[in-house]
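Structure first, commentary second.
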Amino acid sequence: AFIADQNATQGSVFSMDLSSFFSDSDAFVGDSLSYSVVDVEGNAISWLTIDGSSLSGTPGDAQVGANSVVITATDTTGLIANQDFTINVANTNDAPIAAITHEAAKVDLSENQAFSFSVSNYMSDIDLDSDDSLTLSLQQVTDATGDTLEGDGSLPSFMSFDTDTGNVTGTAPDFEGQIFFLKLIATDVAGLTGDLTFSVDLQNVNDAPTLVAPISVQTITEDSSTDL
């Protein structure tokens, strides 16, 4: 029987019984069919498997859209029958994910120096929808877990965040050795969120010596010692 195009949904199990589409007229003498599946170029399809006559698999993001497949039924003598059709995979919305690790996101700032860094590429929208986009927000948290806000979550007073560009700017204070933890939250158009917590470390910058008090004119007696 002709196999019509099939519909599947990303992230959900797809299955069909191939025995409904192939028959073996020699079955009464013990002949049987085995099945295989490839794409139209003859390549294996990683997300599809065959168990007996059952074709099944769970399509992912990469399979969203039209997937052409070829089923081959082979009898015990090696005779074959082929049938190609398309599995159309519908997209489902996925939450944003971190595009880099916590370690790679770490930022080092020099005390008393102006800074600017971007977090716009820290999160990724893995959906293939062209109309999906991410909105970014940034909070201060107490530690690397990101579970607890620091106060009300406001950023340190010396730091500003541009939600449109993802740029963080400011001038680092004279707090060398202090570590701040920031939690970046990305929200897609459907309201799903993902987050990444990273640290901002203030590094010491060596300062030139300064004059604490002027040295007044000193008077000493010849051949006498003095302390200054």
Side-chain angles (χ1 to χ4, degrees), residues 1-24 27 31-105 119-137 144-147 166 183-198:
F2 174 75
I3 303 178
D5 289 348
Q6 304 291 305
N7 295 317
T9 302
Q10 177 216 340
S12 298
V13 175
F14 164 82
S15 65
M16 60 185 297
D17 184 5
L18 299 177
S19 65
S20 302
F21 304 98
F22 296 90
S23 64
D24 186 353
D31 206 0
S32 61
L33 297 178
S34 59
Y35 302 93
S36 61
V37 58
V38 294
D39 64 21
V40 291
E41 296 178 348
N43 301 311
I45 302 175
S46 61
W47 67 277
L48 285 174
T49 59
I50 292 179
D51 183 8
S53 63
S54 176
L55 174 70
S56 64
T58 303
D61 264 314
Q63 285 73 53
V64 171
N67 299 262
S68 297
V69 301
V70 179
I71 300 295
T72 299
T74 306
D75 70 12
T76 54
T77 66
L79 297 180
I80 65 172
N82 294 320
Q83 175 71 69
D84 63 272
F85 61 98
T86 299
I87 302 176
N88 296 302
V89 178
N91 182 65
T92 56
N93 187 55
D94 296 293
I97 62 172
I100 60 176
T101 65
H102 302 276
E103 293 77 12
V119 297
S120 61
N121 64 343
Y122 281 16
M123 301 297 296
S124 174
D125 183 1
I126 63 175
D127 288 307
L128 301 180
D129 312 53
S130 59
D131 59 347
D132 207 2
S133 61
L134 298 180
T135 300
L136 300 178
S137 60
T145 66
D147 295 335
K183 183 177 183 179
L184 179 66
I185 302 172
T187 306
D188 68 13
V189 293
L192 295 183
T193 64
D195 59 74
L196 173 69
T197 300
F198 61 97

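Residue numbers start at 1 and run along the sequence shown.
- Note: Thr193 OG1 to Ile185 CD1 = 7.0 Å, rounded to the nearest 0.5 Å.
- Scanning both residues, Asn7 and Phe14, for their nearest heavy atoms gives O-CD1, 3.9 Å.
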- Task: Could you check Val189 against Ser133 for side-chain contact (heavy atoms from CB on, under 4.5 Å), going step by step and ending with a plain yes or no?
- Result: CA-CA 6 Å; Val189 293; Ser133 61; 3.6 Å; yes
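- Residue Asn88 holds its CG atom at 6.0 Å from OG1 of Thr86, rounded to the nearest 0.5 Å.
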- Trp47 and Thr58: CA distance, side-chain angles, deciding distance, side-chain contact (heavy atoms from CB on, under 4.5 Å) verdict: CA-CA 6 Å; Trp47 67 277; Thr58 303; 5.8 Å; no
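- Between Leu192 and Pro96, the shortest heavy-atom contact is O-CD, 3.5 Å.
- The environment of Asp51 atom CG is sparse: at most 12 non-hydrogen atoms of other residues, nucleotides or ligands sit within 6.0 angstrom.
- Distance alone, capped at 3.5 Å, places no donor-acceptor pair between the Asn121 side chain and the Val119 backbone.
- Although no hydrogens or angles enter the test, the distance criterion places no donor-acceptor pair under 3.5 Å between the side chain of Thr72 and the main chain of Ser36.
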Output side-chain donor-acceptor pairs under 3.5 Å for residues 15-22, partner residues at least two apart or in another chain, one line each.
unit_1: Asp17; atom_1: OD1; unit_2: Ser19; atom_2: N; d: 3.1
unit_1: Asp17; atom_1: OD1; unit_2: Ser19; atom_2: OG; d: 2.8
unit_1: Asp17; atom_1: OD1; unit_2: Ser53; atom_2: OG; d: 2.9
unit_1: Asp17; atom_1: OD2; unit_2: Ser19; atom_2: OG; d: 3.0

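- The nearest pair of heavy atoms linking Asp94 to Asp61 is OD2-OD2, 3.2 Å.
- Annotation for Ala8 and Pro59: closest pair CB-CG, 4.3 Å, computed over non-hydrogen atoms.
- Considering CE of Met123 and CG of Leu184, their distance stands at 6.0 Å, rounded to 0.5 Å.
- In terms of heavy-atom proximity, Leu55 sits nearest to Ile71 at CD2-CD1, 4.0 Å.
- Here the closest non-hydrogen pair linking Ala98 and Leu196 is CB-CD1, 4.1 Å.
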- Verdict with supporting geometry, Thr197 and Thr145, side-chain contact (heavy atoms from CB on, under 4.5 Å): CA-CA 7 Å; Thr197 300; Thr145 66; over 6 Å; no
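- Taking CD1 from Ile45 and CD1 from Ile87, the interatomic distance works out to 7.0 Å, rounded to the nearest 0.5 Å.
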- Query: Between Asp39 and Ser68, does a side-chain contact (heavy atoms from CB on, under 4.5 Å) hold up when you go through it step by step?
  - Reply: CA-CA 6 Å; Asp39 64 21; Ser68 297; over 6 Å; no
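- Expressed to the nearest 0.5 Å, how far CG of Asp5 lies from CZ of Phe85 amounts to 8.5 Å.
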